[in-house]
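For reference, the structure is listed below as structure tokens.
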Protein chains: 2
Amino acid sequence: MTTPFQSMPAIVLVAPQLGENIGSAARVMLNFGLTDLRLVAPRDGWPNPAADALSAGALDNGVTVQTFPALAEALEDRTHVVATTARARGMQKPVMGPADTTNALRTPGVAGAVLFGGEKSGLSNEDVAVADNILTYPVNPAFSSLNLAQAVGVFSAAWQANAGLPAVFEASNEPPASRADLIRMFEHFETELERAGFFYPPEKTPLMRNNLRNALVRANWSEQEVRTFRGAIKALALGRGAARITRD
Amino acid sequence: MTTPFQSMPAIVLVAPQLGENIGSAARVMLNFGLTDLRLVAPRDGWPNPAADALSAGALDNGVTVQTFPALAEALEDRTHVVATTARARGMQKPVMGPADTTNALRTPGVAGAVLFGGEKSGLSNEDVAVADNILTYPVNPAFSSLNLAQAVGVFSAAWQANAGLPAVFEASNEPPASRADLIRMFEHFETELERAGFFYPPEKTPLMRNNLRNALVRANWSEQEVRTFRGAIKALALGRGAARITRD
């Protein structure tokens with residue numbers, strides 16, 4: 001293949017049972033940009049209306065599904081195979097977490113496959129034996145069995161996180177307030193507090209003022225937010241009767 | 001709190017609709033060691049039999065659920081709040097991925113909460129406004145809406161991955177074969193191949209032998225695997241008639 005997805009791994013569900021899980025797996029794959037779903041001997045055949053219902057459209061808009069009678073056929077065009085399991089198998093092959101696994105699968109020229117076993121008992125030892133490495137998650141040993149679609153989701157998210165892609169949106173880059181603007185805001189606030197009799201006893205004024213400034217300065221104010229806060233100070237001052245003081 | 005889970009964040013589902021998603025969220029939370037689930041105004045009330053069915057026992061064995069009429073009440077004891085959203089909000093707050101978010105939540109003394117909105121439209125701007133930062137995933141922009149329980153799953157896995165915990169099991173640490181054992185295995189193999197007439201023409205013998213050794217040496221053989229392979233060589237040789245050669 002010479003598509004931009006050259007190194008995209010196939011997700012291979014071996015003997016999956018519930019269409020709901022197949023559909024949920026397809027949905028979360030497409031959420032994270034994976035589109036090659038392969039089913040080995042799905043219990044209820046294919047297509048499966050329960051899968052459609054849970055896929056939120058992923059099966060119509062991006063994820064391709066192929067079915068195979070046996071695992072070997074699903075791996076015909078694959079060169080690196082990962083078996084996902086939460087159980088030690090006593091097998092002599094590298095055990096990796098999601099980050100190391102996605103690194104291995106991103107090696108140029110590699111056509112990867114990630115195997116997930118069916119709901120009842122996961123992958124068989126025979127399925128694991130053909131894999132290059134084992135992928136496992138740092139799960140709670142007392143409650144280690146993930147839902148099949150969740151297991152696909154955790155891998156898919158790791159795959160995309162490891163692409164080093166930026167988040168889909170950035171923080172709002174509203175212009176920050178200049179420090180001078182901020183200090184004028186502090187002074188405005190303190191002037192009104194002074195009028196309101198807040199700074200008492202007088203010898204504690206510097207301490208009280210600095211406590212307020214230290215708290216407020218941490219908020220990384222934008223220009224707009226400074227204007228809004230000054231409006232709020234003014235409104236409070238007016239509400240207290242300052243209106244008469246300043247208007248009369 | 002002075003429990004070992006002092007810094008464990010609460011997972012807060014705001015106006016969740018489907019019990020199935022609440023149960024699935026509880027299951028994947030417990031898979032990754034999170035146990036504090038809070039529901040704000042769940043549409044179908046609580047408890048919810050559909051949640052029980054999908055929780056695979058997590059609701060009976062580890063995850064505690066509290067319900068609240070409004071978000072502020074759910075956050076009473078929390079000091080750092082994260083809002084999960086796939087949509088830019090034009091708000092002046094840091095946008096982080098899962099790794100940075102879990103770092104922030106692991107700061108000593110922090111009692112965290114991670115907010116997830118309901119199935120229909122996610123968190124409201126009012127919900128997001130009380131958060132310290134936004135958590136977003138590097139999703140496919142053309143298909144960005146995660147299932148609620150999957151969104152909880154991706155965060156939960158990131159939380160646990162970031163604990164720096166080892167995988168729940170290590171690669172089998174069967175003793176590796178010594179290099180001398182491995183070379184004896186190669187020699188045994190080559191001796192039988194020689195007898196079988198494999199090395200032809202004779203001047204190519206070194207090249208053919210090294211090609212075989214280069215391939216086999218990559219397999220990182222254990223002692224037991226070397227024994228097994230030597231047994232296999234022997235069996236093949238016997239099958240070819242070598243039995244008569246060596247026994248007679």
Side-chain angles (χ1 to χ4, degrees), chain A residues 24 27-28 30-34 54 56-58 61-62 86-99 133-134 136-147 149-151 153-154 156-158 160-161 163-174 176 220-222 224-225, chain B residues 24 27-28 30-34 54 56-58 61-62 86-99 133-134 136-147 149-151 153-154 156-158 160-161 163-172 174 176 219-222 224-225:
Chain A
S24 297
R27 176 176 178 180
V28 78
L30 191 57
N31 285 146
F32 292 106
L34 294 173
L54 272 282
N61 290 295
R87 291 186 286 119
R89 305 285 185 142
M91 292 186 190
Q92 195 75 9
K93 59 186 83 204
V95 177
M96 297 181 179
N133 71 276
I134 286 174
T136 195
Y137 304 144
V139 288
N140 175 358
F143 195 78
S144 65
S145 175
L146 266 77
N147 165 268
Q150 288 282 3
V154 170
S156 301
Q160 191 63 291
L165 294 178
V168 289
F169 60 89
E170 298 293 325
S172 166
N173 54 3
E174 217 186 308
N220 296 321
W221 300 73
S222 72
Q224 178 55 52
E225 290 163 342
Chain B
S24 296
R27 176 175 176 180
V28 77
L30 192 58
N31 285 145
F32 292 106
L34 294 173
L54 273 282
N61 290 294
R87 291 186 286 119
R89 304 284 185 144
M91 292 186 190
Q92 195 74 9
K93 60 187 80 203
V95 177
M96 297 181 180
N133 71 275
I134 286 173
T136 195
Y137 304 143
V139 288
N140 175 358
F143 195 79
S144 65
S145 175
L146 267 77
N147 166 268
Q150 288 283 3
V154 170
S156 302
Q160 191 62 293
L165 294 178
V168 288
F169 60 88
E170 297 296 323
S172 167
E174 216 186 308
N220 296 320
W221 300 74
S222 72
Q224 178 55 54
E225 289 163 341

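All chains are named by letter (A, B, ...) in the order of the sequence lines, taking the proteins before the strands, and each is independently numbered beginning at 1.
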With a 4.5 angstrom heavy-atom cut-off, is it the side chain or the backbone of A:Gln224 that approaches chain B, or both, or neither?
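When you check distances to chain B, no heavy atom of A:Gln224 falls under 4.5 Å.
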Need one label for A:Ala158: side chain, backbone, both or neither, based on atoms under 4.5 Å from any heavy atom in chain B.
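When you check distances to chain B, no heavy atom of A:Ala158 falls under 4.5 Å.
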Between chain B and each of A:Val28, A:Leu34, A:Leu146, A:Val154, count heavy-atom pairs under 4.5 Å; write down the option with the most.
A:Leu146
Against chain B, work out which of A:Ala157, A:Ala142, A:Ala149, A:Ser222 has the most heavy-atom pairs shorter than 4.5 Å and name it.
A:Ala149
Option that, when pairs with chain A are counted at under 4.5 Å, heavy atom only, ranks first among B:Asn133, B:Asn31, B:Asn147
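Answer, by heavy-atom pair count under 4.5 Å with chain A: B:Asn31.
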Contact between A:Leu30 and B:Asn140 at the side-chain level, heavy atoms closer than 4.5 Å - yes or no?
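Counting from C-beta outward, A:Leu30 and B:Asn140 do come under 4.5 Å.
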Given a strict heavy-atom distance threshold of 4.5 Å, which part of [X] is in contact with chain A: side chain, backbone, both, or neither?
| X | answer |
| --- | --- |
| B:Ser156 | neither |
| B:Ala58 | both |
| B:Ala99 | neither |

Short question: side chain of A:Tyr137, backbone of B:Phe32 - any donor-acceptor pair under 3.5 Å?
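Looks like no, no N/O pair under 3.5 Å.
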Does B:Arg27 reach the main-chain N or O of A:Ser145 with its side chain, forming a donor-acceptor pair under 3.5 Å?
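Yes: the side chain of B:Arg27 pairs with the backbone of A:Ser145.
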Kindly give the heavy-atom pair with the smallest separation between B:Pro98 and B:Thr136, and that separation in Å.
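Looking at all heavy atoms of both residues, the closest pair is CD-O, 3.9 Å.
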